[in-house]
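The structure under discussion appears below in the form of structure tokens.
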Number of protein chains: 2
Amino acid sequence: MATLGDVAARAGVSISAVSRVLSDAPDSRVSAATRERIVEAARELNYRPNFAGRALKSARTQVVGLVVPDITNALFTELMHGAEDEATERGYTVLLGRSDDVRPGGEVIARLIGEGRVDGMALQVGDAVQPAGLRDLLTTQAPIVLVNSSNPGHVGSVTLDDHQGALIATRHLLELGHQRIAFANGLPRSFTAKRRRTGYKLALAAAGVRVPKAYETRIGYTVDNGRTALHRLMALDPRPTGIVVANVNAAVGLLGEARKAGIRVPDDLSVVTVHDSWTAENTWPPLTAVKMQFYTVGRTAVRSVIRRIETGETSDEVITDPPPELVVRESTAPPR
Amino acid sequence: MATLGDVAARAGVSISAVSRVLSDAPDSRVSAATRERIVEAARELNYRPNFAGRALKSARTQVVGLVVPDITNALFTELMHGAEDEATERGYTVLLGRSDDVRPGGEVIARLIGEGRVDGMALQVGDAVQPAGLRDLLTTQAPIVLVNSSNPGHVGSVTLDDHQGALIATRHLLELGHQRIAFANGLPRSFTAKRRRTGYKLALAAAGVRVPKAYETRIGYTVDNGRTALHRLMALDPRPTGIVVANVNAAVGLLGEARKAGIRVPDDLSVVTVHDSWTAENTWPPLTAVKMQFYTVGRTAVRSVIRRIETGETSDEVITDPPPELVVRESTAPPR
DNA sequence: AACAACTGCTCAAACGTTAGAGCAGAAACG
DNA sequence: CGTTTCTGCTCTAACGTTTGAGCAGTTGTT
């Protein structure tokens, strides 16, 4: 690996001159001829600035951490794409972390920030993480932006318009003529679940539709949670004719289980999910979904982290543009 | 952020003493009392070694890069999990890179290695990447291990037992009584496609079954490729009664398209896929699959990279333990 | 008693980079 | 012509860490 010193020797100038030219400092004051020699030498030696040297000197790594609960999840991969694109455009790199069950977030984050591996972080906590464990993390002055959740003593966040998403999904079923509309929701303490809940309720209220309390389950967002929800809801009397599922993974599970139970979708039961992903297209029947803009969340979160790093500004943003978008496929139909 | 100097000042000793104690150097020669003071001071100040300082001095980052073509792919996320687990156990961190269509691998890798951001890399190239573009990368002495492919002037690789996987899948259909067994394969130049192909052919040959040449398509591994394959194969006369799909994503697409075309699986057509993932469980019908051990590939790749970094040894490994494993679900049945 | 060997530390240099200060020589100005 | 200003560089310190060398003081050996 060639260093600045190697380039300097080859071009017959000092290290500082090379540094100034190659990092194009604003007031480099170097003659065109010398500049030319330096650039040429650097090219010949295939010089690349050493990351550690630069980071040590400047106390900046140009890296932002992205910590998500589960990289397997199709939704988070969309988010990651957005984060990567934004970071790349701004000359940053994304370092991906996991905050799964084993290491509930805290340690990873403290390490990444504490060791100076990243300048800041975008952090999506899993639903299983107690906010209490985060309190001390977030009160440090580190540039951390919360994704899809927020915190009382807020530190900056980027969230989706969950309310609107659930509302659109519910309204879709209402417009098809459904009245007995159930809601397979996430865990009660989940930030997004709370917001989707209000959307669902508001849509029903606006239409003057009342449903039994048991029409809402609050089990969780996983495939298995969806399976469980199907059984609970279908055991009710009267049965719902339509279900709004708060998460696409749960919807996939719910749909599979309906199939197994001999419940025909959409003939016997309409299913609409909040979230869209390629997995929703490939179920049978393909899932009607409300596309939430996870890609944009990723972009916005990284932009927000970088702004925080570079200017110190914090903000709480809700992605409303582009808005949640209903994608009608084949899992919904008028009730019979 | 507390530095060694801060800890030293608080404990009333020199920086070197602190460094030796905290990085527990083998021959630190520090009294128990001093050691105690140092550890205590470090704890109080919440000291964490600065990444850049350490990396600069030691010319080691303890980071391995993992570059995969597409982080959205459920298979690669499994691989990533394995890579992460292995890295964590050995005190390394994984830096995830993308080698998608836009930036065909070369630049990313050259940067990560050239700037000293990583000590080595595990690299899975997409099927669309020409091996020629990699030649110069791999001839550098950098510790790069190829994943699911290998290279003539080999630099170290970790691959799955693709041959065996395809063989098991094909044999499953044979054992159910199928004779007209088609194969929806990846692109001709794909390393894995070539190997899966031999497995398929060998299984047929061993059973004394001959099929038309057109029974193999070589379109690719994506969902859409799978859809196309379904149409091509079903246009043949006689129609195949069973299809081995070389990739789970393609299988998902193929299955969906069959559905759309009114072809009943497994009544009219059996489908078995090489690869298993959670997406295969949640199709309808659930896909019979040969589970390939992607998790193990990830682990092994990282272990191999680290070995290369630390001892210089290179190796070409094929994962045979655990072996590919047939998971029978509901997309296969005897022919009618 | 003289010296070696060990113990328990400290000093200082180095990794590659950036950036303020400095310094010759040339050009501009009075 | 003497002074100032500008140009085009170089010198040097610093970021936080590791590590070989060094150095008092103590213990052990002859």
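Naming convention: chains lettered A, B, ... in sequence-line order (proteins, then strands); numbering from 1 in each chain.
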A:Ser14 side-chain proximity, nearest of C:dC9, D:dG16, D:dT10: D:dT10
B/S/- contact track for nucleotides 23-28 of chain D, protein heavy atom under 4.0 Å: ------
Test item: B:Val18 and B:Tyr47 side chains (from C-beta on) under 4.5 Å apart, heavy atoms: no
Euclidean distance, atom CG of residue B:Leu56 to atom P of C:dA13 [Å, nearest integer]: 17 Å
Out of C:dC9, C:dT17, D:dT10, whichever nucleotide has its closest atom nearest the side chain of B:Val30: C:dC9
Sub-4.5 Å side-chain heavy-atom contact between A:Val302 and A:Tyr92: no
A:Glu36 CD to D:dG8 C1', straight-line distance once rounded to whole Å: 17 Å
B:Ser31, nearest nucleotide to its side chain (from D:dC9, C:dG16, C:dC9): C:dC9
Student check: side-chain heavy atoms of B:Val13 and B:Val21 closer than 4.5 Å: no
Nucleotide nearest A:Val13 when distance is taken to its side chain, options D:dT10, C:dT17, D:dT17: D:dT10
Sidechain-backbone polar pair: A:Arg308 side chain, A:Val155 backbone, donor-acceptor under 3.5 Å: yes
Rounded distance (Å) that lies between atom C1' of D:dC15 and atom CZ of B:Phe51: 15 Å
Value in whole Å for how far the C1' atom of D:dT17 lies from CD of B:Gln62: 14 Å
Salt bridge (Lys or Arg N to Asp or Glu O under 4.0 Å) involving A:Glu40 - partner list, sequence neighbours excluded: A:Arg43
Neighbours of DNA chain C within residues 15-22 of chain A, by heavy-atom distance under 4.0 Å: A:Ile15, A:Ser16, A:Ser19, A:Arg20
Which nucleotide in C:dT17, D:dT18, C:dT18 has an atom nearest any side-chain atom of B:Arg54: D:dT18
Flag side-chain contact, heavy atom, 4.5 Å: B:Pro49 against B:Leu22: no
Euclidean distance, atom CD of residue A:Glu115 to atom P of D:dT17 [Å, nearest integer]: 10 Å
pair A:Arg117-A:Thr61: side-chain heavy atoms closer than 4.5 Å: no
Length of the line joining A:Asn50:CG and D:dT17:C1', which is rounded to integer Å: 14 Å
Rounded interatomic separation in angstrom, taking CG from B:Asp24 and P from D:dT17: 15 Å
Flag side-chain contact, heavy atom, 4.5 Å: A:Arg111 against B:Thr93: yes
Nearest listed nucleotide, side chain of A:Lys57, among C:dT10, D:dA13, D:dC9: D:dA13
A:Thr192/A:Ser190 under side chain to side chain donor-acceptor pair (under 3.5 Å): CA gap, chis, key distance, verdict: CA-CA 6 Å; A:Thr192 53; A:Ser190 153; 3.1 Å; yes
Rounded distance in Å - CG (B:Leu4) to P (D:dC15): 13 Å
